[in-house]
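All chains are named by letter (A, B, ...) in the order of the sequence lines, taking the proteins before the strands, and each is independently numbered beginning at 1.
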There are 2 protein chains.
Amino acid sequence: MKSKKRTTIYDIAEKLNIAASSVSRALSNSNHVNEATKKLVLKTAAELNYKRNTLASNLRKGKSKTIGVVVPFINQNFFSNVIAGIEEASYQKGYNLIICQSNELQSKEVKCVNTLINQHVDCIVISLAVDSSDHSHLQNAMDNGIELIQFDRVADELETLKVINDNEQASFEAVSHMIEQGYKRIALLEGPQNLQIFRQRKAGYLNALIRHEMPVLDELIIENAWTKELGANATRKLLNLPNPPDAIFASTSDFSALGVLEVASVMGIKVPSALGICGYSNEAFTEITSPSITTIDQFSVYMGKTVANLYFQEMENKDETEVVPKIISIKPKLIVRSSTQKRGV
Amino acid sequence: MKSKKRTTIYDIAEKLNIAASSVSRALSNSNHVNEATKKLVLKTAAELNYKRNTLASNLRKGKSKTIGVVVPFINQNFFSNVIAGIEEASYQKGYNLIICQSNELQSKEVKCVNTLINQHVDCIVISLAVDSSDHSHLQNAMDNGIELIQFDRVADELETLKVINDNEQASFEAVSHMIEQGYKRIALLEGPQNLQIFRQRKAGYLNALIRHEMPVLDELIIENAWTKELGANATRKLLNLPNPPDAIFASTSDFSALGVLEVASVMGIKVPSALGICGYSNEAFTEITSPSITTIDQFSVYMGKTVANLYFQEMENKDETEVVPKIISIKPKLIVRSSTQKRGV
DNA sequence: TAAATATCCGCAATCGATTGCAGATTAAAA
DNA sequence: TTTTAATCTGCAATCGATTGCGGATATTTA
């Protein structure tokens with residue numbers, strides 16, 4: 001059973017006593033082949049359980065109908081949703097997906113990208129690892145004729161197609177909402193500032209404060225608080241300040257916000273009356289904590305579909321004069337829940 | 001920049017005035033090539049930014065170093081974790097992953113498998129769609145020399161490698177635990193019985209009742225309650241019985257258990273004192289509901305690693321006489337949390 | 001009926017890397 | 001110095017599908 005030889009177009013050709021090229025044309029439904037032979041070939045192919053060897057086909061045609069995806073972790077909600085979206089759109093176009101995870105490591109990211117180049121993927125879709133600084137591996141992919149699309153965590157300086165969230169706007173809205181709810185001292189848990197998304201979220205926070213003529217207090221801005229544990233640590237530190245915050249915007253993730261909630265709960269601090277909490281991402285669990293957590297929905301599945309469709313559109317128009325690096329920005333949505341409803345609805 | 005011609009071994013050969021075969025040997029680190037030329041080739045390859053064309057290599061060698069994965073949904077926690085595990089183990093061995101989702105549809109599952117056959121993947125890893133009944137597409141893959149590994153949702157009659165959970169045992173333990181906590185009327189939310197995993201979970205439930213000399217009450221067994229909504233519906237029905245259950249085992253999923261919890265909460269029924277709840281899968285959220293939900297951990301990432309390593313082991317031994325279809329059973333772990341602690345710890 | 005066109009079909013090259021085989025060169029043994 | 005063995009290298013075939021080109025046949029037009 002194992003590694004039995006598969007039937008090729010030559011087997012079909014031999015059986016029907018015609019040339020392999022005719023078989024090929026029949027199978028690819030070319031119109032340079034007689035309708036009768038076409039039928040015959042198709043019938044014989046089915047009988048012999050013929051499966052086209054995509055490798056050979058791709059080698060000859062110089063394209064693989066494959067999209068490579070590189071994300072930090074496959075099993076993080078946001079990324080698995082984006083991938084699901086990409087898969088859905090790609091499947092309809094007959095494209096395959098090769099998935100890699102960078103584990104947030106630049107070194108592994110580079111290896112993944114190189115593998116994908118070797119695999120002759122037509123397109124690489126990537127969301128950068130947190131410690132990604134040098135981007136020559138991406139330039140390299142482009143130099144090898146691979147379309148590159150960045151999403152969410154993008155390197156601004158690279159001129160590629162991009163699909164991003166309007167992080168600054170979303171952040172601005174979230175903080176404005178908290179201000180309107182009457183919170184006066186809003187702390188920020190920020191992510192690694194080498195990533196643009198976290199810089200943008202910080203900018204939105206700062207803008208909101210300034211717009212509402214509120215002071216920016218450095219002691220309320222905590223760096224690198226982007227996991228549940230780091231969020232919890234940051235919260236302990238914040239709540240033990242002589243003049244603690246009355247709200248915390250966990251701009252990094254909902255996990256971080258969860259850490260905040262747990263610490264508040266342990267310290268007996270009432271949410272949302274004594275402490276407002278806002279997360280980021282709209283993870284499934286934010287709906288079922290008590291109180292439920294206000295957060296920001298990124299439309300991750302839709303984002304994935306957008307990425308894939310952007311590629312397909314680009315392919316259709318690629319013969320046109322000049323391709324302008326396109327950036328699609330998806331507007332995230334603030335989901336107001338209990339954790340910030342100080343003054344009710 | 002686009003679709004520029006890539007450097008091949010012929011380019012290197014030409015530049016160095018040697019044969020392409022020597023370049024190939026140098027690049028694959030064969031010992032049938034002079035150390036000096038090897039160095040030279042490697043150097044030149046780097047200079048010309050050479051990338052091996054894996055398609056051509058695979059075509060020639062007749063293997064693709066690629067594993068195809070088919071799951072119902074990529075973005076379901078359990079599956080994305082398994083995939084992450086597979087990726088981790090595969091990456092170390094230099095294997096790539098092609099990911100497909102069947103969307104729980106047999107028809108799409110068939111297409112996915114066929115695509116993977118065309119792609120000449122070396123191995124297909126699959127967890128069946130819920131409506132998967134006919135399995136000729138899988139047999140087909142095997143007939144084409146592809147190693148097949150089923151995990152979690154497996155077709156028993158197909159003689160393949162399998163990695164499964166001991167669902168019956170886990171189920172048995174969960175129900176026994178509830179009995180020991182003093183629950184007397186334990187309902188079962190069961191999943192589609194065409195899937196073995198759900199049959200096994202039901203069997204474990206029944207065994208536990210029998211072993212503890214408790215009656216099996218048909219009115220407490222609800223079919224097809226495997227989503228949050230269906231779980232909620234089932235719960236409403238159960239709790240409105242003249243003689244309602246005092247515990248519900250949502251054997252299908254934690255989502256189903258969440259539906260139970262929400263209905264109980266709305267109806268003002270105290271958990272765990274008036275109603276015990278147990279889920280299945282140890283989704284992240286089960287830890288943070290109030291009360292937290294007792295559930296069963298399936299070690300999903302580990303399961304993925306096990307699947308991949310099973311394949312690699314099999315490859316190493318494949319020349320040995322006869323390969324016995326191996327089945328690896330992973331023992332899940334009951335995670336006791338508040339929702340079933342009627343009599344405390 | 002002859003000429004012009006359309007429709008099919010097959011030959012052979014091609015995509016890029018690998019590998020068995022044979023010849024060439026060098027090193028070791030007699 | 002000659003024979004034998006070891007080490008390199010190149011030639012050419014191969015993996016399976018695709019495609020430009022030219023020839024053969026069928027169809028249409030003059």
Side-chain angles (χ1 to χ4, degrees), chain A residues 3-42 44-45 48-66 115 117-122 144-145, chain B residues 3-42 44-45 48-66 94 117-122 144-145:
Chain A
S3 72
K4 205 179 51 180
K5 205 167 161 317
R6 303 193 186 189
T7 53
T8 69
I9 53 169
Y10 297 100
D11 299 325
I12 300 178
E14 194 177 8
K15 179 155 187 187
L16 294 179
N17 225 14
I18 59 176
S21 48
S22 297
V23 177
S24 172
R25 281 189 265 257
L27 290 170
S28 56
N29 203 22
S30 153
N31 49 357
H32 288 290
V33 65
N34 190 296
E35 204 57 41
T37 25
K38 194 184 286 186
K39 282 239 172 60
L40 201 58
V41 167
L42 257 30
T44 317
L48 297 179
N49 193 22
Y50 168 79
K51 305 276 172 193
R52 168 192 265 121
N53 186 330
T54 321
L55 273 71
S57 172
N58 291 341
L59 173 61
R60 179 60 229 256
K61 296 204 279 197
K63 61 194 301 281
S64 63
K65 277 208 157 198
T66 299
T115 309
I117 297 176
N118 289 352
Q119 287 282 340
H120 269 236
V121 296
D122 296 334
N144 277 287
Chain B
S3 71
K4 206 179 52 181
K5 206 168 160 316
R6 302 192 186 188
T7 54
T8 68
I9 53 169
Y10 297 100
D11 299 325
I12 300 178
E14 194 177 8
K15 179 154 187 185
L16 294 178
N17 226 13
I18 59 177
S21 48
S22 297
V23 177
S24 172
R25 281 189 266 259
L27 289 171
S28 56
N29 203 22
S30 154
N31 48 358
H32 289 289
V33 65
N34 190 296
E35 205 57 42
T37 23
K38 193 183 286 186
K39 282 240 172 58
L40 201 58
V41 167
L42 257 31
T44 316
L48 297 178
N49 193 22
Y50 168 79
K51 305 276 173 193
R52 168 192 266 121
N53 186 330
T54 321
L55 273 72
S57 172
N58 290 341
L59 173 60
R60 180 58 230 254
K61 295 204 280 196
K63 61 193 302 279
S64 63
K65 277 206 157 199
T66 299
I117 296 176
N118 289 351
Q119 288 282 341
H120 269 235
V121 296
D122 296 334
N144 278 286

Would you indicate whether the side-chain heavy atoms of Val41(A) and Ile18(A) approach each other to under 4.5 Å? yes
Close side-chain approach of Lys65(B) and Thr115(A), heavy atoms under 4.5 Å: no
Are the side chains of Ile9(A) and Tyr50(A) in touch, meaning some heavy atoms are under 4.5 Å apart? yes
Does any residue of residues 30-39 of chain B have a heavy atom under 4.0 Å from DNA chain D, and if so, which ones, in number order? Asn31(B), His32(B), Val33(B), Asn34(B), Thr37(B)
Whole angstrom value for the distance that separates C1' of dC8(D) from CG of Leu16(B): 16 Å
Using atom names, set out every protein N or O paired with an N or O of nucleotides 11-20 of chain C below 3.5 Å, distance rounded to 0.1 Å.
from, atom 1, to, atom 2, distance (Å)
dC11(C), N4, Ser21(A), OG, 3.2
dT14(C), O2, Arg60(A), NE, 3.4
dT14(C), O2, Arg60(A), NH1, 2.9
dG16(C), N2, Ala56(B), O, 3.2
dA17(C), OP1, Tyr50(B), OH, 2.5
dA17(C), OP1, Asn53(B), N, 3.2
dA17(C), OP2, Ile9(B), N, 2.7
dA17(C), N7, Tyr10(B), OH, 2.8
dA17(C), N6, Tyr10(B), OH, 3.3
dT18(C), OP1, Arg52(B), NE, 3.2
dT18(C), OP1, Arg52(B), NH2, 3.3
dT18(C), OP1, Ser57(B), OG, 3.3
dT18(C), OP2, Ser24(B), OG, 2.9
dT18(C), O2, Arg60(B), NH1, 2.1

When you compare the side chain of Lys38(B) with that of Asn29(B), does any pair of heavy atoms fall below 4.5 Å? yes
I'd like to check Thr66(A) versus Asp122(A) (side-chain heavy atoms, cut-off strictly below 4.5 Å). Are they in contact? no
Is there a side-chain contact between Asn49(A) and Thr7(A), using heavy atoms and a 4.5 Å cut-off? no
Are any of the side-chain heavy atoms of Asn118(B) and Asn53(A) separated by less than 4.5 Å? no
Contact between Lys15(B) and Leu48(B) at the side-chain level, heavy atoms closer than 4.5 Å - yes or no? yes
